[in-house]
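Written out below as structure tokens is the structure these notes cover.
FYI, side chains are in, hydrogens and waters are out, and symmetry mates aren't considered; it's all heavy atoms of this structure. Note on naming: letters A, B, ... go to the chains in the order of the sequence lines (proteins, then strands), and numbering restarts at 1 for each one.
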Amino acid sequence: MTLRVYNTLTRRKEPFQTIEPGKVRMYVCGPTVYDNAHLGHAVSLLVYDIIRRYLEHKGYEVRHVMNYTDVDDKIIQRAQELGEDPNALAERYIQAFEKNMRELGVLWPTVQPRVTREIDWIQRMVQGLLEKGYAYEAAGNVYFDVTKDEDYGKLSGRKLEDLRAGVRIEPDPNKRHPADFALWKAAKPGEPWWESPWGPGRPGWHIECSAMNLHHLGEQIDIHGGGQDLIFPHHENEIAQSESYTGKEPFVRYWMHNGMLRVRGEKMSKSLGNYITVDEFLAQHEPDILRMILLNAHYRSPIDYDEPQVQQAKQALARLRNAMRPAYPNAPGAAQEVLERLQAQIQATREGFEAAMDDDFNTAAALAHLFDLVRAINQARDAGATDEELKPAQDLLRELGEGVFGLHLQPQDEQASAADIGPLMDLLLEVRAELRKKKQFDLADRIRDRLAELGFRIEDTPHGTVWRREA
RNA sequence: GGCGACGUAGCCAAGUGGUAAGGCAGGGGCCUGCAAAGCCCUGAUUCGCGGGUUCGAAUCCCGCCGUCGCCUCCA
């Protein structure tokens with residue numbers, strides 16, 4: 001089965017073929033670091049994390065680049081408001097962002113370039129675009145001339161005439177066409193600047209990604225990802241710059257765009273003020289809950305964030321985790337027929353999961369296959385299967401649920417601490433079993449309740465009492 | 001105004017020509033002293049609405065209604 005990926009450029013799912021066999025060059029647009037990350041940023045991180053995990057699961061070696069925009073209007077403005085050095089401000093938010101990345105458990109990008117450290121590559125591209133006649137200078141600025149680019153608008157499906165008509169802000173008098181965009185911006189007093197052939201200034205927003213791609217991945221790449229809100233103008237402009245500069249098409253084989261996170265039907269964004277920061281979310285919920293919310297939908301669909309969603313994800317996650325629980329105490333072993341059914345489900349799950357993921361990373365369908373496996377595991381456990389007998393199915397659940405989806409189905413620390421208190425817990429449960437035998441349920445329940453307060457859940461199954469630590 | 005996406009049970013959601021996955025919530029049952037977890041059974045004759053194409057459509061076409069995104073910085 002081959003992977004098929006939806007390409008925004010062609011608006012179709014296409015067979016996934018990399019430039020170099022077995023290797024994927026993937027670029028994902030990172031944040032502008034002028035404030036704390038909100039859940040929208042987290043969605044993007046998690047979506048491409050899951051995509052990358054699946055590619056690696058399939059055996060690809062992924063070179064994953066995620067940039068930081070660490071110099072731009074908003075950073076400068078914010079720094080001026082706070083009386084802080086723009087570089088220091090950017091650095092502060094990069095650190096905060098990376099803390100969130102660690103908390104969310106995303107695989108670390110191979111390279112994390114920053115605009116301020118790529119100035120020479122950026123200038124080289126600007127210069128090249130000028131020389132080739134795709135750009136022009138005006139008052140210390142350099143603009144890309146969209147009329148020189150034959151197929152400008154192909155990604156977002158826009159025509160130049162429409163853009164001219166639809167301009168909402170007053171056109172920059174330096175621009176020849178309203179859709180022209182800055183490659184290099186002349187520095188205003190008090191702004192960070194670099195020396196250049198066109199005078200002191202700094203890079204425009206779009207050129208950085210083109211330059212970083214060229215520098216870290218090459219003239220042509222396999223996957224370029226980002227939020228759907230970046231399709232226009234950001235990615236459209238990237239294509240224009242990169243293809244005009246290198247003369248090679250396509251710049252990107254597969255343009256991927258994730259759906260927006262919404263709140264009460266509207267996009268979660270800074271400007272609307274309807275956002276929840278990653279820190280705020282993580283103070284209330286574990287990161288896997290956000291992962292579950294995403295896994296339950298397709299990455300290209302918008303997702304509404306609300307409390308019911310969170311609760312549903314939480315319950316679903318608990319169901320996955322419960323399947324990882326051990327066999328009942330003194331399990332006698334399941335009947336041959338039961339084990340055969342479990343074995344058949346293992347096979348069906350592996351195949352179904354991969355087929356779903358191969359279809360443009362259909363995580364919702366893949367997750368459904370995981371739940372089928374969950375049911376089979378629980379059935380087998382109820383039928384008396386031993387740990388040994390459950391192991392192959394649970395191993396698969398862990399391989400796919402943890403390895404590909406990035407969930408934590410069996411936290412390491414829980415197991416470690418469990419080992420330490422095991423004997424103590426056995427003693428307590430022994431006493432409690434005596435109490436129950438003597439029908440002293442008030443005392444037995446008190447032990448159960450008190451242990452629950454301490455974070456240990458006791459459950460009396462038909463086969464004996466089991467306990468586990470609760471998060 | 002232009003470009004694009006979406007509308008499937010109470011909720012989330014997959015499914016893009018062959019007769020509606022999965023999860024959450026709910027109801028009934030099993031198990032249990034109770035609880036929890038788990039298991040079994042249970043829900044859309046129907047996929048925003050109206051036409052059309054087809055032997056057959058949630059899936060294709062046309063129209064309408066509604067929601068959202070982009071066109072300005074945004075993951």
Using heavy-atom distances to pick each residue's nearest nucleotide on RNA chain B, tell me which of A:A318 and A:K270 is more 5'. A:A318
Assert: residue with more 5' nearest nucleotide on RNA chain B, out of A:I231 and A:L261, is A:I231
Return no unless some side-chain N or O of [X] is found under 4.0 Å from OP1 or OP2 of [N].
X      : N     : value
A:N322 : B:G38 : yes
A:Q379 : B:C40 : yes
A:T8   : B:G4  : no
A:R158 : B:G4  : no

Describe, in one word, how the ring planes of A:H235 and A:H257 are oriented to each other, choosing from parallel (under 30°), tilted (30 to 60°) and perpendicular (over 60°). tilted
What orientation do A:H206 and A:F181 show, parallel under 30°, tilted 30 to 60°, or perpendicular over 60°? perpendicular
Just call it for [X]: base, sugar-phosphate, or nothing, with non-hydrogen atoms closer than 4.0 Å on any strand.
X      : answer
A:I293 : nothing
A:G40  : base
A:H369 : nothing
A:D73  : nothing
A:Q228 : nothing
A:D460 : base
A:L230 : sugar-phosphate
A:M268 : base
A:R78  : nothing
A:R319 : sugar-phosphate
A:G30  : sugar-phosphate
A:A364 : base

When both hydrogen-bonding distances must be under 3.5 Å and the geometry is Watson-Crick or G-U wobble, what is [N] paired with, if anything?
N     : result
B:U45 : none
B:A58 : none
B:C6  : B:G66
B:C34 : none
B:G1  : B:C71
B:U19 : none

On the side chain of [X], is there an atom forming a donor-acceptor pair with the base of [N] - under 3.5 Å, no angle test?
X      : N     : answer
A:Q312 : B:G23 : yes
A:R436 : B:G33 : yes
A:D445 : B:G33 : yes
A:N296 : B:C12 : yes

Between [N] and [M], how far apart are the two [atom1] atoms, rounded to whole Å?
N     : M     : atom1 : value
B:C64 : B:G22 : P     : 37 Å
B:C70 : B:A57 : P     : 38 Å
B:A20 : B:C61 : P     : 23 Å
B:U53 : B:G7  : P     : 25 Å
B:U8  : B:G66 : C1'   : 16 Å
B:A14 : B:C47 : C1'   : 13 Å

Ring stacking, A:F441 with base of B:G33, under 5.5 Å and under 30°? yes
Is A:N322 reaching over with its side chain to a backbone N or O of A:A318, donor-acceptor style, under 3.5 angstrom? yes
I'd like to know if the side chain of A:Q241 reaches the main chain of A:L183, judged simply by a donor and an acceptor atom lying under 3.5 Å from each other, with no hydrogens or angles considered. no
Rounded to whole angstrom units, what separation is found between the [atom1] atom of [X] and the [atom2] atom of [N]?
X      : N     : atom1 : atom2 : answer
A:Y305 : B:C68 : OH    : P     : 21 Å
A:Q440 : B:C34 : CD    : C1'   : 16 Å
A:L317 : B:A25 : CG    : C1'   : 17 Å
A:F371 : B:A13 : CZ    : C1'   : 12 Å
A:L367 : B:G23 : CG    : C1'   : 7 Å
A:L320 : B:G38 : CG    : P     : 11 Å
A:I289 : B:C24 : CD1   : C1'   : 13 Å
A:N100 : B:A75 : CG    : P     : 14 Å

From [options], nucleotide with atom closest to [X] side chain:
X      : options             : value
A:N258 : B:A37, B:C71, B:A75 : B:A75
A:R375 : B:C73, B:A14, B:C40 : B:C40
A:N378 : B:C39, B:C24, B:C73 : B:C39
A:R448 : B:A35, B:C68, B:A36 : B:A35
A:Q315 : B:A14, B:C24, B:C70 : B:C24
A:E266 : B:G69, B:C12, B:A14 : B:G69

Heavy atoms, side chains only, cut-off 4.5 Å: are A:K270 and A:Y275 in contact? yes
Check the surroundings of atom CD in A:E388: do more than 12 heavy atoms from other residues, nucleotides or ligands lie under 6.0 Å from it? no
Just wondering, more than 12 heavy atoms not from A:R446 lying within 6.0 Å of its CZ? no
When you check the side-chain N and O atoms of A:Y68 and A:E98, is any donor under 3.5 Å from an acceptor? yes
When you check the side-chain N and O atoms of A:E236 and A:Y152, is any donor under 3.5 Å from an acceptor? no
Identify which one of A:R4, A:R300, A:K13 satisfies the salt bridge (charged side-chain N to carboxylate O under 4.0 Å, His left out) criterion when paired with A:D360. A:R300
